[in-house]
There are 2 protein chains.
Amino acid sequence: MNTTSCEVKPSATERCGCYTISDLAKEFEVTPRALRLYEESGLLEPQRDGQKRIYSERDRVRLRLIIRGKRIGCSLAEVKELFDMYDSSPGESGQIKRLLEKLDERRQALELQRSELALSLADIEQIEQRALETLRELENKGH
Amino acid sequence: MNTTSCEVKPSATERCGCYTISDLAKEFEVTPRALRLYEESGLLEPQRDGQKRIYSERDRVRLRLIIRGKRIGCSLAEVKELFDMYDSSPGESGQIKRLLEKLDERRQALELQRSELALSLADIEQIEQRALETLRELENKGH
DNA sequence: CGCTTTCTTGACGTTAACGTAAGCGTAAGT
DNA sequence: ACTTACGCTTACGTTAACGTCAAGAAAGCG
């Protein structure tokens, strides 16, 4: 039985809010390599126990943000940009406005993507229609 | 005045349906390098006048298809697959069915993309809302 | 003829986000 | 003590779709 219910697995050495690299990797379905890359890219700064990385709750939150960032199509560099913005002045209206601008950029990019995607689907429909037509002709002839 | 109105520019040596590499590059807004790559990838097979590439009307049509393919998110390899399918048996129902399958794959991929994109936009909205809230709080405090 | 442009073929460089492996240390379990 | 399991760093490999030279050929022009 777990006396120290840290997360799912008790690291036994430490208490709550502490994750090993593979803890987080499993939870977010990424590889340890990815986490190290994020660190190298300046997106995470886990503490160390000797050589071993120890991720805090804050790191975990950041990781979640990284993944969300990626999902909305940000590169790691862009995510870092957002982090830096937020870090430099967590409560300064100028920075928040910059953040809003960035978000707007992203949204525009996504909406462009969306419209192109719609075009693509239309393209596919069209090609499909032609193919179906050809197919019908063939089956009429064969019949 | 142009006696041989081939395209926009008369190559003077040849008649209609003949384009140099930069003719097509300009028309479709791609670089010559890209056209050579498409050739190397087996997507185009322009004739030669000595060393120089001469693109026919058919090549031009293909290029248009390549670009459409890329727009719907196909890799060059996938475009080639489609071309090969079509070429090998332009009127065989089996091949056309394969084509339809491929198109369906593409459509599913695109629809997945679309739903993820919707999620992303939702994400952005949410982040934006929070930022706006923070901003309001700040301005209240400052006021 | 010399100059300029447009073409050619290599062939290496680029970017992003990791993958993969080597070689080694450490820690836990049996 | 031995064996796994996990972690570390370093560093090269991968993929796609080109970009970017370099070096040279052919062709039109004055």
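Quick note: numbers below take in every heavy atom, side chains included, and nothing from hydrogens, waters or symmetry partners. Chain letters run A, B, ... following the sequence lines, proteins first, then strands; residues in each count from 1.
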Heavy atoms from C-beta onward define the side chain here; which of dC7(C), dC8(D), dC18(C) lies closest to that of Q51(A)?
dC8(D)
Here the distance between atom P of dA17(C) and atom CG of L43(A), to the nearest Å, is 10 Å
Verify the cluster assignment for Y86(A) and L100(A): are they in a single hydrophobic cluster under the rule of side-chain heavy atoms below 4.5 Å apart?
no
Nearest to the side chain of I21(A), heavy atoms from C-beta on, is which of dC18(C), dG7(D), dT8(C)?
dG7(D)
May I ask whether L138(A) and L103(B) are part of the same hydrophobic cluster, defined by side-chain heavy atoms of I, L, V, M, F, W, Y residues being less than 4.5 angstrom apart, directly or through others?
yes
What I want to find out is whether E139(B) reaches R136(B) closely enough, with some N-O distance under 4.0 Å, to be called a salt bridge.
no
Spacing between Y55(B) atom OH and dT8(C) atom C1', to the nearest angstrom:
11 Å
Write out a two-atom table: protein N or O, nucleotide N or O from nucleotides 20-22 of chain C, distance below 3.5 Å.
from	atom 1	to	atom 2	distance (Å)
dT20(C)	O4	R33(A)	NE	3.2

Quiz question: by atom type and distance under 3.5 Å, do the side chains of S56(B) and D59(B) form a donor-acceptor pair?
yes
Nearest-nucleotide comparison on DNA chain C, the residue closer to the 5′ end among K52(A) and T31(A)
T31(A)
Whole-Å distance between dT10(D) C1' and E40(A) CD?
10 Å
Carboxylate-amine/guanidinium contact R48(A) E39(A), below 4.0 Å:
yes
Remember a base hit wins even if backbone is also touched, and classify S41(B) as base, sugar-phosphate or nothing at under 4.0 Å, heavy atoms.
nothing
Nearest to the side chain of R36(A) - dT6(C), dC8(D), dT8(C)?
dC8(D)
Near DNA chain C, under 4.0 Å by heavy atom, which residues of residues 67-86 of chain A?
K70(A), S75(A), L76(A)
Looking at R62(B) and E45(B), does any basic side-chain N land under 4.0 Å from a carboxylate oxygen?
no
Would you mind checking if K52(B) and D49(B) are paired as a salt bridge, meaning a charged N to carboxylate O distance below 4.0 Å?
no
salt_bridge(E81(B), K102(B)) N-O dist < 4.0 Å
yes
Would you kindly give the CG-to-P distance between L35(A) and dC18(C), to the nearest whole Å?
10 Å
Of the nucleotides dC18(C), dT8(C), dA17(D), which one has an atom closest to the side chain of L37(B)?
dA17(D)
For R106(A) and G73(A), indicate whether the former's side chain and the latter's backbone hold a donor-acceptor pair under 3.5 Å.
yes
Between Y38(B) and dC18(D), is there a side-chain N or O to OP1/OP2 distance below 4.0 Å?
yes
Short side-chain N/O contact from T20(A) to OP1 or OP2 of dC6(D), under 4.0 Å
no
